[in-house]
Visitor: 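Quick one: structure below, then a few questions.
Whatever order the structure lists ligands and atoms in, that order sets their numbers, starting from 1.
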Amino acid sequence: MSTYTFETIRVEAESPIAIVILNRPDKLNALNRMLISELTAAFSLLVEGGQTRVAILKGSGEKAFAAGADIAEMGQLSSVEARRFSEEGHHLGAILESAPFPVIAEVQGFALGGGCELALACDFIHAGVRAKFGQPEVNLGVIPGFGGTQRLARRVGIGLARELCFTGKIIDASEALRIGLVNAVHAQEDLSAKVMELAALIAAKGPLAVAAAKRVLLRGEDMALSAANALEIEAFGGLFGSGDQREGMAAFLAKRAATFTGT
Ligand code: COA
């Protein structure tokens, strides 16, 4: 992975924590097709590599996580091409969601349009105090195309999602925290350290269990409660007999720290 070269992103794949950095700071990390394709490839490689227990997705530079899809590129798209672009963004979101490890969005500045949608496709968001969020696509005569209408509504509720999508207004980090769009807001200078601390905490847990929790929480959201509960029962039972389950419980009983191997 470390030898794999990308043009629009950087990947620091130090097992067990991978850091993926959107790297077009002069364009506020705007998401062009190459960046979407490279992010998709990078996360596919991390999944295939099997060494990653947590990934952090962040933007380079101080100003932006990502200020949206690349408007210069998008402005040239035909309807058919725009549909394809939207599908590519959705495919990336699905890869982030189906990855067997949590992906934390670290948002230090603007997360607008596709940037907000990308952060929403991560498991959760931690923000710096200067972060700003919004779905300003209506200003451009379009709507969110990378899952924003749906994931935003599921995260903050349909009323607030409607208001954000209809007005295109930008909200600050404290408002994002108040409505549950982000899990936590940190001092700007502490953000990366706090996110890394959280990633390390998760990376030390049983990876099969974390993956199962991620899967059940995600799939269950779209199910009737009874079906989602059945999914949980299956996943719970499925973890028994794994090396991690035996190690976790044996370590507790022996009053020592567990060492998980993901087997
Ligand atoms: N697509 C393409 N380029 C973008 C971009 C985007 N979504 N967002 C910013 N950029 C580019 C600017 O064109 C500019 O490039 P230039 O230096 O070659 O002219 C550079 O990034 C810096 O942006 P700039 O607008 O000068 O910074 P700012 O601090 O004045 O404003 C924003 C910051 C985020 C308020 C402003 O860039 C903006 O409104 N961006 C678009 C947000 C948006 O509508 N996103 C949804 C897209 S669907």
Visitor: If you measure from each non-hydrogen atom of Lys27 to ligand 1, which part falls under 4.0 Å: side chain, backbone, both or neither?
Guide: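 Within the 4.0 Å criterion, Lys27 contacts ligand 1 through backbone and side-chain atoms alike.
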Visitor: For the pair Arg130 and Asp172, find out whether any cationic side-chain nitrogen is under 4.0 Å from an anionic carboxylate oxygen.
Guide: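 Here Arg130 does not pair with Asp172 in a salt bridge, since their nearest N and O are not under 4.0 Å apart.
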Visitor: For atom 42 (C) of ligand 1, is some protein heavy-atom partner under 4.0 Å away?
Guide: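 Yes.
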Visitor: Among all the protein's non-hydrogen atoms, which is closest to atom 5 (C) of ligand 1, and how far away is it?
Guide: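 Going atom by atom, the protein heavy atom closest to atom 5 (C) of ligand 1 ends up being Ala30 CB, 4.0 Å.
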Visitor: At the 4.0 Å heavy-atom cut-off, does Gly114 count as touching ligand 1?
Guide: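 Flag not set, Gly114 not near ligand 1.
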Visitor: Which one holds for Ala67 and ligand 1: side chain close, backbone close, both close, or neither close, with close meaning a heavy atom under 4.0 Å?
Guide: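 Answer for Ala67: both.
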Visitor: What is the closest protein heavy atom to atom 17 (O) of ligand 1, and at what distance does it sit?
Guide: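 It is Asp26 O, 4.4 Å.
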Visitor: For atom 44 (O) of ligand 1, which protein heavy atom lies nearest, and how many Å away is it?
Guide: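 Ranking protein heavy atoms by distance from atom 44 (O) of ligand 1, first comes Pro136 CG, 3.7 Å.
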Visitor: Give a yes or no on whether a salt bridge exists between Asp222 and Arg154, defined as a side-chain N under 4.0 angstrom from a carboxylate O.
Guide: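 Yes, this pair counts.
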Visitor: With no hydrogens and no angle check, do the side chains of Thr40 and Glu88 hold a donor and an acceptor under 3.5 Å apart?
Guide: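 Side-chain D/A pair, Thr40 to Glu88: absent.
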Visitor: Is there a protein heavy atom at a distance of less than 4.0 Å from atom 13 (O) of ligand 1?
Guide: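 It does not; no protein heavy atom is within 4.0 Å.
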Visitor: Who's closest to atom 34 (C) of ligand 1 heavy-atom-wise, of Leu140, Leu112, Val142?
Guide: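 Among Leu140, Leu112, Val142, the closest heavy atom to atom 34 (C) of ligand 1 belongs to Leu112.
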Visitor: Tell me, please: is Asn139 in heavy-atom contact with ligand 1, that is, under 4.0 Å?
Guide: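 Flag not set, Asn139 not near ligand 1.
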Visitor: Closer than 4.0 Å to some heavy atom of Met74 - which atoms of ligand 1 meet that?
Guide: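 Listed by number with element, the hits are 48 (S).
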Visitor: Ignoring hydrogens, just give me the one of Ala69, Cys116, Gly145, Ala72 whose non-hydrogen atom is nearest atom 6 (C) of ligand 1.
Guide: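 Selected option, by shortest heavy-atom distance: Ala69.
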Visitor: Answer yes if a protein heavy atom lies under 4.0 Å from atom 26 (O) of ligand 1, otherwise answer no.
Guide: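 Under the 4.0 Å cut-off, atom 26 (O) of ligand 1 has no protein heavy-atom neighbours at all.
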Visitor: Go through ligand 1 atom by atom and flag the ones less than 4.0 Å from a non-hydrogen atom of Glu137.
Guide: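 So the answer, numbered in order with elements, is 48 (S).
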Visitor: What I want to find out is whether Arg84 reaches Glu87 closely enough, with some N-O distance under 4.0 Å, to be called a salt bridge.
Guide: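 The answer is yes: the pair qualifies as a salt bridge.
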Visitor: Using a distance threshold of 4.0 Å (strictly less than), state whether atom 19 (O) of ligand 1 has a protein heavy-atom neighbour.
Guide: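 No; the ligand atom in question lacks any protein heavy-atom contact below 4.0 Å.
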Visitor: Among all protein non-hydrogen atoms, which one is nearest to atom 36 (C) of ligand 1, and what is the separation to 0.1 Å?
Guide: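 Going atom by atom, the protein heavy atom closest to atom 36 (C) of ligand 1 ends up being Leu28 CD1, 4.6 Å.
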Visitor: Please determine whether a side-chain nitrogen of the Lys or Arg among Glu12 and Arg10 lies less than 4.0 Å from a carboxylate oxygen of the Asp or Glu.
Guide: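 A salt bridge is present here (some side-chain N lies under 4.0 Å from a carboxylate O).
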Visitor: What residue among Gln108, His126, Lys194 forms side chain to side chain donor-acceptor pair (under 3.5 Å) with His186?
Guide: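 Answer to the side chain to side chain donor-acceptor pair (under 3.5 Å) test with His186 among Gln108, His126, Lys194: His126.
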Visitor: In terms of residue, atom name and distance, what is the protein heavy atom nearest to atom 35 (C) of ligand 1?
Guide: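 Protein heavy atom at minimum distance: Phe110 CZ, 4.0 Å.
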Visitor: Among protein heavy atoms, which lies nearest atom 30 (O) of ligand 1, and at what distance?
Guide: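 The closest one turns out to be Lys63 NZ, 4.6 Å.
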Visitor: Is atom 39 (O) of ligand 1 near the protein, in the sense that some protein heavy atom lies at less than 4.0 Å from it?
Guide: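 No.
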Visitor: Under the side-chain contact (heavy atoms from CB on, under 4.5 Å) test against Pro144, which residue among Gln150, Glu137, Arg151 passes?
Guide: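 In the set Gln150, Glu137, Arg151, the residue that makes a side-chain contact (heavy atoms from CB on, under 4.5 Å) with Pro144 is Glu137.
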Visitor: Tell me: protein heavy atom nearest atom 1 (N) of ligand 1, and distance?
Guide: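 Here the nearest protein heavy atom works out to Ile71 N, 2.9 Å.
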Visitor: May I ask you to decide if the ring planes of Phe146 and Phe85 are parallel, tilted or perpendicular, using 30° and 60° as cut-offs?
Guide: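 Ring orientation, 0 to 90° scale: perpendicular.
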